[in-house]
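Structure, as structure tokens:
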Amino acid sequence: KAKNAGGNQPAFFAPNLAEAAEQRRHLENDLRLAVAGGQFELYCQPIADLASRRVTGAEGLIRWRHPERGLVPPDRFIPIAEQTGLINEIGLWVIETACRQLADWRAAGIPCYLSVNVSGRQIPNGLPPAAIAEAMQRHGVSPASLVLEITEGVLLNNIAEAQAWLQAIKQLGLRVYLDDFGTGYSSLSYLKRFPLDTLKIDRSFVQDMQVGNSEYSLVEAIVAMARSLGLKVVAEGVETTEQLGMLARMGCHHAQGYHLARPLPPAEFSEALQEIDRRLAQTEPVS
Ligand code: C2E
Ligand code: MG
Ligand code: MG
Ligand code: MG
């Protein structure tokens with residue numbers, strides 16, 4: 001980056017640590033205000049079913065509309081929320097908002113499920129299954145339409161507690177997806193030990209797939225393994241028609257990525273659905 005920008009000047013400067021700490025304190029304060037002040041939005045990114053070539057669901061991705069900084073992406077504030085414990089309140093807001101969104105979709109005749117992210121820090125006590133059940137009930141949401149995404153770190157950090165929490169979640173009838181699959185330790189034993197429904201292949205593999213390269217082989221192997229274990233697969237980060245074609249031929253069940261749509265403000269979601277379905281219908285079918 002910025003290689004020859006300034007002749008002999010160094011391209012990068014050592015960060016001023018005091019300044020960074022000050023900025024962080026600022027962000028932390030603002031985050032407290034954001035929780036109280038309703039500054040979050042849950043964007044929705046469509047997820048397509050590759051067999052029926054239709055959008056059947058979406059992932060809910062949080063955004064922070066900061067009064068001065070504009071839209072702040074989750075990677076900038078979720079880690080701080082986790083460290084300060086604010087993630088628990090934010091996580092309950094996400095569940096509440098997802099349930100309200102699902103109720104709205106249902107009223108509008110949009111039969112999509114919604115999948116939301118859960119941090120390890122929220123499990124088990126920050127996100128009690130009873131609180132999820134209560135929100136679903138209040139909004140008249142069917143458990144089949146709400147999905148939770150967790151990463152494998154959650155499972156490996158505290159196996160017994162994670163297992164009990166997952167059991168309770170499954171008893172409510174929710175599905176649980178394993179997010180960012182392939183980036184962590186990927187010890188395969190937990191695929192049998194935990195009641196998971198779906199693997200989400202991390203976008204780093206999907207983006208680098210070329211027929212014959214190692215990412216291609218990895219994705220193909222993950223799809224085959226998941227299928228033989230009775231798990232479904234979502235490929236994240238699908239950016240091209242070629243990637244979509246490869247995944248469909250591999251027997252991957254679902255796809256999500258900029259090729260279909262970016263995460264959208266809820267108001268733009270239903271219109272985008274129709275356009276994506278039209279586009280998908282034009283791709284060649286795979287038997
Ligand atoms: P994730 O759960 O793995 O979400 C997928 C990320 O990939 C999203 O980034 C999405 O915008 C991005 N993405 C989707 N398709 C493409 C593509 O085709 N190309 C590229 N380059 N990127 C794509 P986002 O929204 O910035 O979220 C980042 C991470 O923040 C999420 O990763 C998740 O770990 C976390 N996160 C988001 N919302 C929440 C939330 O409500 N709660 C918690 N605890 N974490 C959240
Ligand atoms: Mg996710
Ligand atoms: Mg992911
Ligand atoms: Mg990710």
Side-chain angles (χ1 to χ4, degrees), residues 31 34-35 39-48 55 57-65 70-101 113-123 126-127 132 135 146-154 175-184 186 196-209 215 219 222 232-244 246-247 252 254-266 268-269 272 276:
L31 198 52
V35 171
Q39 294 171 12
F40 297 114
E41 292 171 29
L42 197 64
Y43 275 37
C44 297
Q45 186 178 33
I47 301 176
V55 172
E59 178 173 6
L61 294 155
I62 198 169
R63 300 290 183 265
W64 175 13
R65 197 169 291 283
L71 214 57
V72 185
D75 290 337
R76 287 285 315 279
F77 68 88
I78 291 290
I80 300 173
E82 286 172 347
Q83 284 157 30
T84 52
L86 286 167
I87 191 66
N88 289 341
E89 249 178 281
I90 294 174
L92 289 168
W93 177 88
V94 169
I95 293 291
E96 173 69 21
T97 305
C99 287
R100 193 182 317 122
Q101 185 64 71
Y113 64 87
L114 187 54
S115 175
V116 298
N117 295 280
V118 176
S119 292
R121 178 69 200 269
Q122 295 172 258
I123 299 171
L127 189 57
I132 301 178
L146 186 61
V147 177
L148 304 184
E149 295 189 12
I150 59 174
T151 55
E152 62 185 357
V154 172
R175 284 172 289 160
V176 178
Y177 289 7
L178 193 58
D179 205 356
D180 302 343
F181 187 76
T183 57
S186 294
L196 302 163
D197 299 276
T198 295
L199 307 181
K200 292 193 82 168
I201 304 179
D202 194 70
R203 69 166 185 260
S204 55
F205 302 105
V206 176
Q207 273 165 356
D208 293 337
M209 273 195 309
E215 284 80 9
V219 172
I222 292 170
K232 296 251 163 40
V233 183
V234 182
E236 290 187 337
V238 178
E239 293 186 353
T240 67
T241 320
E242 289 73 28
Q243 289 161 355
L244 196 70
M246 289 182 218
L247 292 161
C252 181
H254 302 287
Q256 174 184 358
Y258 294 172
H259 177 64
L260 300 171
R262 292 184 175 253
L264 301 165
E268 291 170 28
F269 187 78
I276 299 163

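These numbers come from the heavy atoms of this one structure, side chains and all, not from hydrogens, waters or symmetry mates. Both ligands and their constituent atoms are indexed starting at 1 by order of listing.
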Select the closest option to [atom] among [options], judged by heavy-atom distance.
atom	options	result
atom 31 (C) of ligand 1	Thr151, Leu61, Asp180, Leu42	Leu61
atom 30 (O) of ligand 1	Gly237, Ala255, Pro74	Pro74
atom 28 (C) of ligand 1	Val118, Asp75, Asp179	Asp75

| request: Could you tell me whether Lys200 and Glu59 have a side-chain N and a carboxylate O separated by less than 4.0 Å? | output: yes
If you measure every N/O of [X] against every N/O of ligand 1, is any gap under 3.5 Å?
X	result
Glu59	yes
Ile62	yes
Glu82	no
Asn117	yes

Identify the heavy atoms of [X] and [Y] that sit nearest to each other, and give their distance.
X	Y	answer
Gly182	Phe205	O-CZ, 3.3 Å
Ala261	Leu264	CB-CD1, 4.3 Å
Thr183	Ser204	CG2-OG, 4.3 Å

| query | In Asp179, which N, O or S atom comes closest to the Mg ion (ligand 3)? | reply | OD1
Counting N and O atoms only, with roles assigned by atom type, does the side chain of [X] sit under 3.5 Å from a partner on the main chain of [Y], one being a donor and the other an acceptor?
X	Y	value
Arg121	Glu82	yes
Asp197	Val176	yes
Thr240	Gln243	yes
Thr97	Val94	no

Within a distance under 4.0 Å of any heavy atom of [X], pick out the atoms of ligand 1 and give their elements.
X	answer
Gly257	15 (N), 18 (O)
Gln45	14 (C), 15 (N)
Glu239	17 (C), 18 (O), 19 (N), 20 (C), 21 (N)
Glu236	3 (O)
Pro263	11 (O)
Val238	18 (O)
Val94	41 (O)

Has [X] got an N/O/S atom less than 2.8 Å from the Mg ion (ligand 2)?
X	answer
Asp180	no
Glu236	no
Ser115	no

In Å and rounded to the nearest 0.5 Å, what is the [atom1] to [atom2] distance from [X] to [Y]?
X	Y	atom1	atom2	result
Glu242	His259	CD	NE2	8.0 Å
Arg63	Leu71	CZ	CG	6.5 Å
Leu199	Phe181	CG	CZ	5.0 Å
Leu92	Ile132	CG	CD1	8.5 Å

| message | Against the six-membered ring of Tyr113, is Arg175 placed for a cation-pi contact (under 6.0 Å from the centre, within 45° of the normal)? | response | yes
| field | Close approach, Arg203 and ligand 1, non-hydrogen under 4.0 angstrom | value | yes
| query | Is the closest heavy atom of Gln207 to ligand 1 under 4.0 Å? | reply | yes
| remark: The answer for which part of Gln256 has a heavy atom under 4.0 Å from ligand 1 is neither
| task | Check each heavy atom of Ser119 against ligand 1 and say whether those closer than 4.0 Å belong to the side chain, the backbone, both or neither. | result | both
| In Glu59, the N, O or S atom nearest to the Mg ion (ligand 2) is which? | OE2
| said: Check the orientation of Phe77 and Trp64. Use parallel for under 30°, tilted for 30 to 60°, and perpendicular for over 60°. | reply: perpendicular
| Quick one: angle Asn117 OD1 - the Mg ion (ligand 2) - Glu149 OE1, to the nearest 10°? | 100°
